[in-house]
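The block underneath contains the structure these notes are about, expressed in structure tokens.
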Amino acid sequence: MGNSNIIVIGIIVITSIISIKGFNDQEFFDRYKFNIRAILIDKQWDRMIVSAFLHGDIAHLFFNMYTFYFFSSLVLNYGTILFILTYFGSIIGGNTLALLMHKNNPYYSAIGASGGVSGILFASIILDSQISIGIFPLPFSIPGWIFGIIYLTYSLYGMKTQLGNIGHDAHLGGAIFGILCGLGFVFLFPNHFNPLYFLLMIIPLVYLVYTSFFNDKNK
């Protein structure tokens, strides 16, 4: 097993241990989950990262870690340091967006590594827009850039409407950071980057920026 694979397995093992600890220790879980009041008022900034190591149940943990493992290899090709930067930067990016979106709701809480996983996933899509991605329960895979359009559109809609008990903000923030990292990799290590697929994929993000700016100007 190479050093790069050890990093991935290590993150999975540590995340699993902390998540299982959280399953069985409510005080521990409450101390480290993402919570607006605890972060902004009590200044417990460690929650911005540690909350990503907590999960709601085994299914939540398995899905995140399986996706993380499956898409890690492409980003790891660019080095362990850049991989770690992408993963943990996406966690912070996702939680930062959640913090901005819910800053007026002190009771808002969230958990999970989805922001980091989204960052790794979208960095991979930037590096290989044709990468095959399956969407349950569809019996076939779709190209990464099409998945990106669907995922970003759904996350944007979910964030705007507060759809379901899902941290859409963290998903979107992590994806944005992952896209930026992917573009950085392309700049540093030119490859078969497809600008057309990239432009199509970020249409939902352009819409988000435009509507946010337009709404702010009219307040």
Side-chain angles (χ1 to χ4, degrees), residues 11 14-57 60-61 63-65 67-68 84-123 151-181 184 204-219:
I11 290 174
I14 293 171
T15 302
S16 299
I17 290 172
I18 294 177
S19 290
I20 292 171
K21 167 72 172 174
F23 296 160
N24 301 298
D25 187 338
Q26 189 63 46
E27 183 177 353
F28 177 85
F29 184 90
D30 289 339
R31 168 58 185 83
Y32 291 107
K33 68 183 180 181
F34 179 91
N35 176 264
I36 297 294
R37 178 183 175 84
I39 294 171
L40 293 182
I41 298 178
D42 299 332
K43 308 302 181 184
Q44 295 176 355
W45 297 102
D46 54 338
R47 294 173 183 257
M48 293 287 286
I49 294 180
V50 182
S51 61
F53 290 87
L54 294 171
H55 289 80
D57 52 39
H60 185 203
L61 172 65
F63 179 78
N64 269 345
M65 293 300 97
T67 306
F68 171 67
I84 292 174
L85 172 65
T86 302
Y87 183 65
F88 286 100
S90 297
I91 288 172
I92 295 172
N95 282 338
T96 298
L97 182 58
L99 198 65
L100 293 172
M101 295 301 298
H102 300 280
K103 63 181 183 296
N104 295 323
N105 179 7
Y107 301 105
Y108 179 83
S109 297
I111 50 169
S114 298
V117 174
S118 294
I120 293 295
L121 172 58
F122 273 85
Y151 185 97
L152 293 174
T153 301
Y154 176 73
S155 295
L156 175 59
Y157 175 77
M159 186 179 72
K160 291 287 190 179
T161 62
Q162 296 299 299
L163 179 66
N165 189 28
I166 300 173
H168 298 286
D169 321 87
H171 293 188
L172 190 60
I176 292 171
F177 191 87
I179 289 171
L180 294 175
C181 286
L205 297 182
V206 173
Y207 172 79
L208 171 63
V209 172
Y210 172 77
T211 54
S212 298
F213 177 75
F214 182 79
N215 289 337
D216 287 343
K217 285 190 67 176
N218 285 277
K219 283 183 180 179

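- The two residues Ser51 and Asn95 have their closest heavy-atom pair at OG-ND2, 3.4 Å.
- Gln26 pairs by the side-chain hydrogen bond (donor to acceptor under 3.5 Å, both in side chains) definition with Asp30, not counting sequence neighbours.
- For Tyr151, the ring-ring contact (aromatic ring centres under 6.0 Å, His included) criterion is met by Phe122, Phe147, not counting sequence neighbours.
- Interatomic distance, OG1 of Thr153 versus OH of Tyr207, reported as 10.5 Å (0.5 Å rounding).
- Atoms CD1 and CE, from Ile92 and Met48 in turn, are 7.0 Å apart once rounded to the nearest 0.5 Å.
- Pairs engaging residues 37-51 under the salt bridge (Lys or Arg N to Asp or Glu O under 4.0 Å) rule: Arg31-Asp46 [sequence neighbours left out].
- For Ile176, the side chain to side chain contact (heavy atoms under 4.5 Å, CB included) criterion is met by Leu172, Leu180, Leu205, not counting sequence neighbours.
- For Thr67, there are no side-chain hydrogen bond (donor to acceptor under 3.5 Å, both in side chains) partners two or more places apart in sequence or in a different chain.
- Considering only residues two or more places apart in sequence or on other chains, Asp57 meets the side chain to side chain contact (heavy atoms under 4.5 Å, CB included) condition with Ala59, His60.
- Residue pairs meeting the side-chain hydrogen bond (donor to acceptor under 3.5 Å, both in side chains) criterion with at least one partner in residues 96-108, sequence neighbours excluded, are His102-Asp169.
- Here Leu97 contributes atom CG and His171 contributes atom NE2; the two are 11.5 Å apart, rounded to the nearest 0.5 Å.
- For an aromatic pair to be called close, the ring centres must be under 6.0 Å apart, and Tyr157 with His168 fails this.
- With rounding to the nearest 0.5 Å, the separation of CG in Asn35 from CD1 in Ile111 is 12.5 Å.
- In this structure, OG on Ser118 lies 10.0 Å from OH on Tyr87, to the nearest 0.5 angstrom.
- Identified under the ring-ring contact (aromatic ring centres under 6.0 Å, His included) test for residues 29-50, with sequence neighbours left out: Phe28-Tyr32.
- Nearest heavy atoms, Gly115 versus Ser90: O-CB, 3.4 Å.
- Minimum heavy-atom separation, Leu152 to Ala175: CD2-CB, 3.9 Å.
- Residues that satisfy the side chain to side chain contact (heavy atoms under 4.5 Å, CB included) test with Ala123, not counting sequence neighbours, are Val75, Thr86.
- Atom-to-atom distance recorded for Leu54:CG and Ile18:CD1 is 7.0 Å, nearest 0.5 angstrom.
- Scored by the side chain to side chain contact (heavy atoms under 4.5 Å, CB included) test, Thr15 finds Ile11, Ser19, Phe53, His55, Leu61, Met65 as partners (sequence neighbours excluded).
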